[in-house]
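As the structure lists them, so they are numbered: ligands from 1, and atoms in each ligand from 1.
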Amino acid sequence: MQLMQGQTVIITGAGRGIGASAARLFAQHGANVVVSDLDAEPANDVALDIREQGGEAIAVPGDVNDPDFAPRLMEECINKYGILNVLINNAGYTWDGMIHKMTDKQWDAMQDVHAKAPFRLIRAASPYMRDAAKQEMANGEHPVPRCIINVSSTSGLHGNAGQANYSLAKMGIVGLTKTLAKEWGPFGIRSNAIAYGYIETRLTQDKAQGESIQVDGEDIPLGIPDHLRGMVNMLIPLGRSGTAEEAAGAMVLLASPLAAYINGHCLEVTGGLGI
Ligand SMILES: NC(=O)c1ccc[n+]([C@@H]2O[C@H](COP(=O)([O-])OP(=O)(O)OC[C@H]3O[C@@H](n4cnc5c(N)ncnc54)[C@H](O)[C@@H]3O)[C@@H](O)[C@H]2O)c1
């Protein structure tokens, strides 16, 4: 069964983790995939891998915080595939600190990547999504399937010590999603969010592995201290963290025709954490 046959999907942060798994799963379901990431090499590798498996993908590397990036990403997508059906705002990272120690830079960085960048991408997509659907309706046609998926977090919905900056942005994206559901719903464009709990990726792996992301020349360490990783598992009714493939499944589900009447929803994909 191919749920996304012939549709075109942009996924930001698709060079690794949840985004990379989603790129592969969308391709398996027949979609053309635009694999976008800050890091060119993993983005190119994912796109190449998809093509080698018989799927269709291009890589468009770039920084979602660059104000010129969103229009360029849309242009490259439209030049290659002629249409944009699904935009997934997934790119991001964490930069934790307790409130009393958090710097303005740390605060702003999270709002930029998790809230402002999705807003800019959605705005840049509007000619190819909102306006295109409006034109189809004016022509008396039923608009083709289109939707936005924004990635949130249980840290946004429930708060998380050490993540005031991230929590605000991840709750904000839910507000943006619901607003968009109301603004673009009349054009048949659905908008939904997914709040992930604890998914095994670079963001949640053992901090001792020493992974980091470079932001304005600064190395931001990524990961969670190992003793905390074990503790979270005990709070999850399914008893374990989720895989990137399981997380990707929720994206395909929400983008697919099976979710044709789901709009303005925030789906918690957590194994039951926090219920
Ligand atoms: N892993 C989890 O448990 C979890 C839980 C809740 C929410 N999330 C969210 O899921 C999304 C994906 O995270 P992940 O866990 O797959 O992490 P990840 O680090 O494996 O992947 C994130 C990708 O985003 C890219 N990225 C970061 N900043 C970028 C920028 N400025 N421009 C373009 N690309 C950029 C990175 O290069 C990376 O490839 C993030 O928004 C994250 O906040 C993850």
Counting heavy atoms only, which of [options] comes nearest to [atom]?
{"atom": "atom 30 (C) of ligand 1", "options": "Val64, Leu73, Leu203", "result": "Val64"}
{"atom": "atom 9 (C) of ligand 1", "options": "Thr154, Thr201, Val151, Ile213", "result": "Val151"}
{"atom": "atom 22 (C) of ligand 1", "options": "Gly17, Gly19, Ala91, Gly92", "result": "Gly92"}

Can a donor-acceptor pair be found between the side chains of [X] and [Y] at a distance below 3.5 Å?
{"X": "Gln135", "Y": "Asp131", "result": "no"}
{"X": "Thr177", "Y": "Asn150", "result": "yes"}
{"X": "Glu268", "Y": "Tyr196", "result": "no"}

> What atoms of ligand 1 come within less than 4.0 Å of a heavy atom belonging to Asn65?
Replying inline: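 Numbered from 1, ligand 1 contributes 31 (N).
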>> Under a 4.0 angstrom heavy-atom cut-off, which atoms of ligand 1 come close to Asp39?
In response: 37 (O)
Heavy atom of the protein closest to [atom] (residue, atom name, distance):
{"atom": "atom 1 (N) of ligand 1", "result": "Ile199 O, 3.1 Å"}
{"atom": "atom 16 (O) of ligand 1", "result": "Ile18 N, 2.8 Å"}
{"atom": "atom 19 (O) of ligand 1", "result": "Arg202 NE, 3.2 Å"}
{"atom": "atom 5 (C) of ligand 1", "result": "Gly197 O, 3.3 Å"}
{"atom": "atom 25 (C) of ligand 1", "result": "Asp37 OD2, 3.5 Å"}

Using a 4.0 Å heavy-atom threshold (strictly under), name the region of [X] that reaches ligand 1: side chain, backbone, both or neither.
{"X": "His114", "answer": "side chain"}
{"X": "Tyr198", "answer": "backbone"}
{"X": "Ser152", "answer": "backbone"}

Quick check: does [X] get an N/O under 3.5 Å from an N/O on ligand 1?
{"X": "Thr204", "value": "no"}
{"X": "Asn90", "value": "yes"}
{"X": "Tyr93", "value": "no"}
{"X": "Val113", "value": "no"}
{"X": "Lys170", "value": "yes"}

>> Which heavy atom of Ser21 sits nearest to which heavy atom of Ala248, and what is that distance?
In response: C-CB, 3.7 Å
>> Between Lys178 and Glu183, does any side-chain N to carboxylate O distance fall below 4.0 Å?
In response: no
Under a 3.5 Å distance rule, please check whether [X] uses its side chain to pair with a backbone N or O of [Y] as donor and acceptor.
{"X": "Glu136", "Y": "Val144", "result": "yes"}
{"X": "Glu56", "Y": "Ala27", "result": "no"}
{"X": "Glu211", "Y": "Lys207", "result": "no"}

>> Using a 6.0 Å cut-off, check whether atom CG of Asp216 has over 12 heavy atoms from anything other than its own residue.
In response: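 No, because the 6.0 Å sphere around CG of Asp216 holds 12 heavy atoms or fewer from other groups.
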> Do Val86 and Val252 sit in the same hydrophobic cluster, where Ile, Leu, Val, Met, Phe, Trp and Tyr count as joined when their side-chain heavy atoms come under 4.5 Å apart?
Replying inline: yes
>> With clusters defined by side-chain heavy atoms of hydrophobic residues (ILVMFWY) lying less than 4.5 Å apart, directly or transitively, does Leu121 cluster with Tyr93?
In response: yes
